[in-house]
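For reference, the structure discussed in these notes is given below.
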Amino acid sequence: MKRLMNLRPTKPFRIGLGILPFIIILVIYLAASNVRLAENSRDKLLPSFDSFVSAIQRMAFEPSKRTGEILLWADTFASLERLALGVGISALIGLTLGIINGLIPLASAPLSPLVRTLSLIPPMAILPILFIMFGLGEASKVALIVIGIAPFIVRDLQQRVAEIPSELLIKAQTLGASTWLVIVRVVLPQLIPRLIDAVRLSLGAAWLFLIAAEAIAATEGLGYRIFLVRRYLAMDVILPYVAWVTFLAYVMDASLRRLSKKIFPWYHGNGVQAEG
Amino acid sequence: MSFIHVDNVWKEYTENVVLEHLTLRVKKGEFVTIVGASGCGKTTFLKMLLGEVSPSRGKILLDGKPLAVEPGPDRGIVFQRYSVFPHLKVLGNVMLGLELQQSRVLGRLFGDKRRLAQQLACEMLEAVGLSHVLDKYPSELSGGMQQRLALAQSLIKQPLILLLDEPFGALDPGMRADMHQLILTLWRNMGLTVFMVSHDLKESFYLGTRLLVFDKVRHDPQNMNAFGARVTYDIPLGSVDNSLCQEIEKYSSPKQIVANLE
């Protein structure tokens with residue numbers, strides 16, 4: 001018998017093992033839900049699957065009686081727009097400041113300590129300031145996402161620039177590159193796939209700040225809806241919304257990974273770093 | 001007239017002397033090989049020629065003019081590793097030097113200029129025997145092919161000096177022999193002036209027209225870094241007998257230095 005650490009599941013077995021915890025959670029949920037509903041058929045805490053289906057039907061496929069919009073889609077578009085703006089602006093800031101800080105000592109001397117300090121401010125603590133400065137509209141929500149994740153991306157990319165072997169930067173100079181040309185032909189192309197990594201890592205935090213901002217002040221959005229229906233203990237709406245947010249986050253992460261693999265094959269390597 | 005003139009150059013870091021009293025004249029077309037124990041400053045010397053490190057005292061003249069104190073297109077370099085750009089394909093790696101030179105804003109060429117650069121790069125790659133892998137990324141190449149690529153990439157700029165920092169150190173012996181032939185051919189055909197740092201004494205004797213041995217002549221047992229290394233042997237090659245080779249081997253091996261101290 002091999003050691004436990006050397007035992008590897010075969011592929012179908014591994015996939016089966018991967019699905020197993022989900023099935024167990026589902027079974028436990030159904031059992032608990034049945035028990036509660038048997039005791040009190042009006043229980044709202046653990047709704048049955050029938051109530052989920054009707055809630056999803058109501059939220060995702062029928063226009064709202066009050067606004068005429070289909071709520072799930074309206075919420076999704078509102079949230080995704082804020083998220084895309086926030087993450088996009090953060091990526092741009094991250095790329096610019098990361099390159100400048102990582103490559104140019106004269107710029108990083110004044111900028112690095114500032115970025116490090118800013119990144120330690122708990123973003124939620126300054127949400128009120130954002131509401132005061134930008135009002136309760138879209139700008140404050142986007143700003144919260146930017147303040148939440150941009151410092152992380154800046155610092156991560158600065159580190160990635162520092163990790164580019166100095167040999168490459170020197171080589172580029174011996175080929176006649178100015179600082180600008182080193183940036184556009186060496187640093188920038190090597191940094192884009194690393195930016196995608198950084199964005200993937202910060203997406204979780206971006207969702208967190210988005211939903212927090214929406215929960216506090218919004219008129220539509222996934223976070224807004226979840227916190228709105230909480231008042232009615234509408235678990236039949238909250239749980240599908242949470243599942244939907246999770247699904248969106250997963251799709252974003254997976255498509256960024258795929259995109260990066262497709263555009264930057266050299267970054268993901270083909271495993272053949274031959275020697276000799 | 002000497003092409004490169006190293007005049008009483010020292011390199012010190014606070015209490016740590018790396019090189020002392022370095023004076024050297026090198027003519028155009030020489031193939032200078034540099035050996036010495038680890039940590040004796042041979043790479044530091046190469047970095048000074050490159051402009052990555054500047055001398056603490058003394059000066060280095062290239063063609064009568066002080067050497068620029070940052071890397072530039074007049075001095076090409078091939079490192080032991082990380083000499084080629086992983087994000088560019090083989091052809092792109094060699095074209096890069098031409099693109100950077102001719103397009104100062106985008107660093108890219110288009111149309112006829114691009115075709116011309118491609119053609120030049122292809123000829124260079126032909127010369128180093130890589131014309132069959134133009135469309136591959138460096139990570140798909142063997143170590144030897146990556147070093148060939150690094151050579152082609154540097155040489156397309158027609159540098160005045162070619163600096164080689166243990167370029168064949170990571171290669172297996174067969175590949176190394178091929179690379180020796182290649183570098184000798186390129187050196188002769190292109191009239192290059194070469195400085196090569198090497199761990200391998202045989203290789204240095206075989207390739208060079210002149211061998212420099214770096215070593216410390218003064219030792220302070222209380223403070224290992226009190227004195228720097230100098231050129232202890234400066235040998236024109238071609239007429240060397242075996243005993244000298246053994247003597248150098250003996251004195252430049254780290255074991256021997258420790259033995260001397262005791």
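Quick caveat, the model's predicted, so the values are computed rather than measured. Proteins come first, then strands; the chains are lettered A, B, ... in the order of their sequence lines, and each starts at number 1.
- The most heavy-atom pairs under 4.5 Å with chain A, out of B/Glu99, B/Arg176, B/Arg108, come from B/Arg108.
- Looking at A/Ser255, its side chain does come within 3.5 Å of a backbone N or O of A/Met252 through a donor-acceptor pair.
- Using modelled atom types and a 3.5 Å distance limit, the side chains of A/Ser112 and A/Gln158 yield a donor-acceptor pair.
- A side-chain N or O of B/Ser154 and one of A/Lys171 form a donor-acceptor pair less than 3.5 Å apart.
- Residue with the most contacts toward chain A among B/Ile156, B/Asp74, B/Val84, B/Val105: B/Val105 (heavy-atom pairs, distance under 4.5 Å).
- For B/Phe79, the part lying under 4.5 angstrom from a heavy atom of chain A is the side chain only.
- In summary, of the residues considered (B/Leu125, B/Asn93, B/Val128), a side chain to side chain contact (heavy atoms under 4.5 Å, CB included) with B/Gln153 occurs for B/Asn93 alone.
- Put simply, of B/Gln101, B/Lys89, B/Glu52, the one with the most heavy-atom pairs under 4.5 Å next to chain A is B/Glu52.
- Interface remark: of the candidates B/Gly107, B/Ser103, B/Gly174, B/Gly107 forms the most heavy-atom pairs closer than 4.5 Å to chain A.
- In this structure, the portions of B/Tyr82 lying under 4.5 Å from any heavy atom of chain A include both its backbone and its side chain.
- Proximity to chain A (any heavy atom under 4.5 Å) is restricted, for B/Arg81, to the backbone atoms N, CA, C and O.
- Proximity to chain A (any heavy atom under 4.5 Å) is restricted, for B/Leu50, to the side chain, taken from C-beta onward.
- Of the possible donor and acceptor atoms, none in the side chain of B/Lys157 sits under 3.5 Å from a partner among the backbone N and O of B/Leu98.
- For B/Gln147, no part sits under 4.5 Å from any heavy atom of chain A, backbone or side chain.
- For a residue to count as touching a neighbouring chain, one of its non-hydrogen atoms must lie under 4.5 Å from one of that chain's; by this rule B/Leu163 does not touch chain A.
- Geometrically, B/Lys113 does not engage B/Phe110 in a cation-pi contact, judged by NZ or CZ lying under 6.0 Å from the ring centre and within 45° of the ring axis.
- Taking the ring centre of B/Phe3 as origin, the terminal cationic atom of B/Lys28 falls inside the region bounded by 6.0 Å and 45° from the ring axis.
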